[in-house]
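Take a look at the structure below.
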Amino acid sequence: MRHVLAFALLLVSTAAAATRLVDLPPLHHPVNIKPVESMQLPESFILNHRGEIVCETCHGIEDIEDIPFAEVDKHVAEFLREGPYAKTTVFCYRCHEEKDYRRKNIHDLLDAQGKYDEKACEYCHQKALDPDQAYTREQLKLRLPAETLCPGCHLRTPHLNAFNHLVKPDKKMRRRMLASERKLGIVLPLDQQGRIMCVTCHSSHERGLIAESKPAGKQVVGDLKEGVVYEDHPWDSVYRADKQARLEELSGKAAPVTLYYRRLRSEVLLRLSAKDGALCLACHEFER
Ligand code: HEC
Ligand code: HEC
Ligand code: HEC
Ligand code: HEC
Ligand code: HEC
Ligand code: HEC
């Protein structure tokens, strides 16, 4: 394919009309290709005279092709045009249709009739289980230990406070967790070493796959298609102004860091709601 060739080596004509070969960083997006008709580029994403995407289409750094890759400052806002972007995918969707590029959501297990495809279960289980049966932990036959299953597709630090939670709760908290499990009819499973893991807080299945009357089936109501949605909070600017000064002090002249204070609007795949604090209170005891 033409793109594949363009991937490794490409011809760039400079303003002086001299022609030279330029390498691209590994796994970099292809260049010198024409957007298909259906693709709508933002106005400031300029094309070359042949209507192809070039370095300047995506990068707001002048003559980026002449700078050694190691010296390109990836932290300036315009490194990606009209940036900075919270996630790289947000940038991709400036040109690509989001719905075409979303990964298949494997938690979305039930079809409109409430039926499921056993193959989908086998992403995580060696063999599809029966949602109406009771199983011991050993009988779940997970392809990987539960604590390593999720980071296969998700980051180990998918959100603030995830990574520092993967520890062993002390005796007092353990007692509180057991009491919460009984009182609220939920499970808060720990890994083989007794540590918190992703599925301590998260359920793996779409709501309804496992009956809500079973502890493993209890989870928040939410729209899997929509996913987790945060909304801007009126305090955001106050929060940022307060934090920004301290952050700048900490980071000196290094990469600017921006924190946002955002509120959860809708949540999915959680055993209890975090919006109202119920999840946190299943383990933590806060002064009131
Ligand atoms: C379709 C958009 C697009 C085009 C066109 C494009 N880039 Fe990129 N470039 C990206 C994205 C996205 C990244 C990765 C950003 C990240 O990792 O956050 C990137 C990363 C880079 C990096 C940093 C690599 C690293 O990891 O250190 C360099 C250097 C770079 N591009 C140079 C170029 C050059 C030179 C051209 C033109 C020959 C070019 N890019 C064209 C989108 C593009
Ligand atoms: C400036 C617009 C633009 C941006 C931003 C952009 N792309 Fe593309 N991308 C294109 C065009 C144009 C093509 C080639 C035509 C097509 O496939 O529609 C393409 C093709 C692709 C392809 C197919 C490559 C092939 O060899 O067939 C993939 C995969 C891709 N882009 C992923 C991404 C990802 C991931 C990002 C974000 C990091 C991104 N794109 C950002 C314009 C863009
Ligand atoms: C993303 C990975 C993943 C997928 C996909 C998945 N499961 Fe699971 N499943 C798990 C994990 C992890 C557990 C154990 C969680 C725990 O310890 O509570 C589990 C536990 C179960 C249990 C035991 C519940 C209980 O009562 O303790 C059943 C039944 C089950 N899964 C059925 C299914 C079926 C049926 C499918 C396909 C429609 C499926 N799973 C797809 C990860 C997955
Ligand atoms: C085979 C890959 C795969 C595995 C394994 C997997 N996930 Fe996912 N997960 C996805 C995809 C794809 C989505 C849809 C959103 C996206 O593209 O990030 C998703 C969405 C989610 C979401 C909702 C985020 C949102 O905004 O939609 C949560 C929470 C989540 N996964 C937790 C887990 C947990 C916990 C495990 C381990 C039991 C797990 N995932 C295992 C691929 C996977
Ligand atoms: C202490 C509880 C807890 C643990 C442990 C935890 N999470 Fe979360 N996670 C949450 C909460 C709360 C949210 C936000 C609300 C929601 O999911 O609906 C969240 C959100 C997510 C999202 C969506 C993020 C977004 O912004 O779109 C993903 C993906 C996710 N978690 C994956 C994981 C994975 C993978 C692990 C294990 C490495 C993990 N979580 C560990 C509580 C936890
Ligand atoms: C499954 C039990 C569990 C749940 C649910 C849980 N936590 Fe934790 N949390 C812990 C453990 C264990 C620690 C580490 C020991 C400690 O600091 O007490 C911790 C530590 C923390 C810390 C200190 C982090 C640090 O870096 O020192 C904060 C803040 C926190 N949790 C907030 C929350 C919030 C907010 C929620 C709800 C979204 C939540 N936790 C849900 C068990 C849990």
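Atoms within each ligand, like the ligands themselves, are counted from 1 in listed order. Values reported hereafter were calculated over all heavy atoms of this structure, with side chains retained and with hydrogens, waters and symmetry mates removed.
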Atom indices of ligand 2, in the order listed, that fall short of 4.0 Å to a heavy atom of [X]:
{"X": "F45", "value": "1 (C)"}
{"X": "T88", "value": "38 (C)"}
{"X": "C58", "value": "1 (C)"}
{"X": "M39", "value": "10 (C), 11 (C), 12 (C), 18 (O), 42 (C)"}

Taking everything shown except [X] itself, do over 12 heavy atoms lie less than 6.0 Å from its [atom1]?
{"X": "K168", "atom1": "NZ", "value": "no"}
{"X": "F91", "atom1": "CZ", "value": "yes"}
{"X": "Q192", "atom1": "CD", "value": "no"}

Flag side-chain contact, heavy atom, 4.5 Å: C55 against V31:
no
Heavy-atom gap R94 to ligand 2 smaller than 4.0 Å:
no
Assess H96: does it contribute an N, O or S atom lying under 2.8 Å from atom 8 (Fe) of ligand 2?
yes
Do any N/O/S atoms of H29 come under 2.8 Å of atom 8 (Fe) of ligand 2?
yes
Close N/O pairs between ligand 3 and protein, under 3.5 Å:
| unit_1 | atom_1 | unit_2 | atom_2 | d |
| --- | --- | --- | --- | --- |
| ligand 3 | 7 (N) | H125 | NE2 | 2.8 |
| ligand 3 | 7 (N) | H205 | NE2 | 2.8 |
| ligand 3 | 9 (N) | H125 | NE2 | 2.8 |
| ligand 3 | 9 (N) | H205 | NE2 | 2.8 |
| ligand 3 | 18 (O) | R271 | NH2 | 3.4 |
| ligand 3 | 31 (N) | H125 | NE2 | 3.0 |
| ligand 3 | 31 (N) | H205 | NE2 | 2.9 |
| ligand 3 | 40 (N) | H125 | NE2 | 2.9 |
| ligand 3 | 40 (N) | H205 | NE2 | 2.9 |

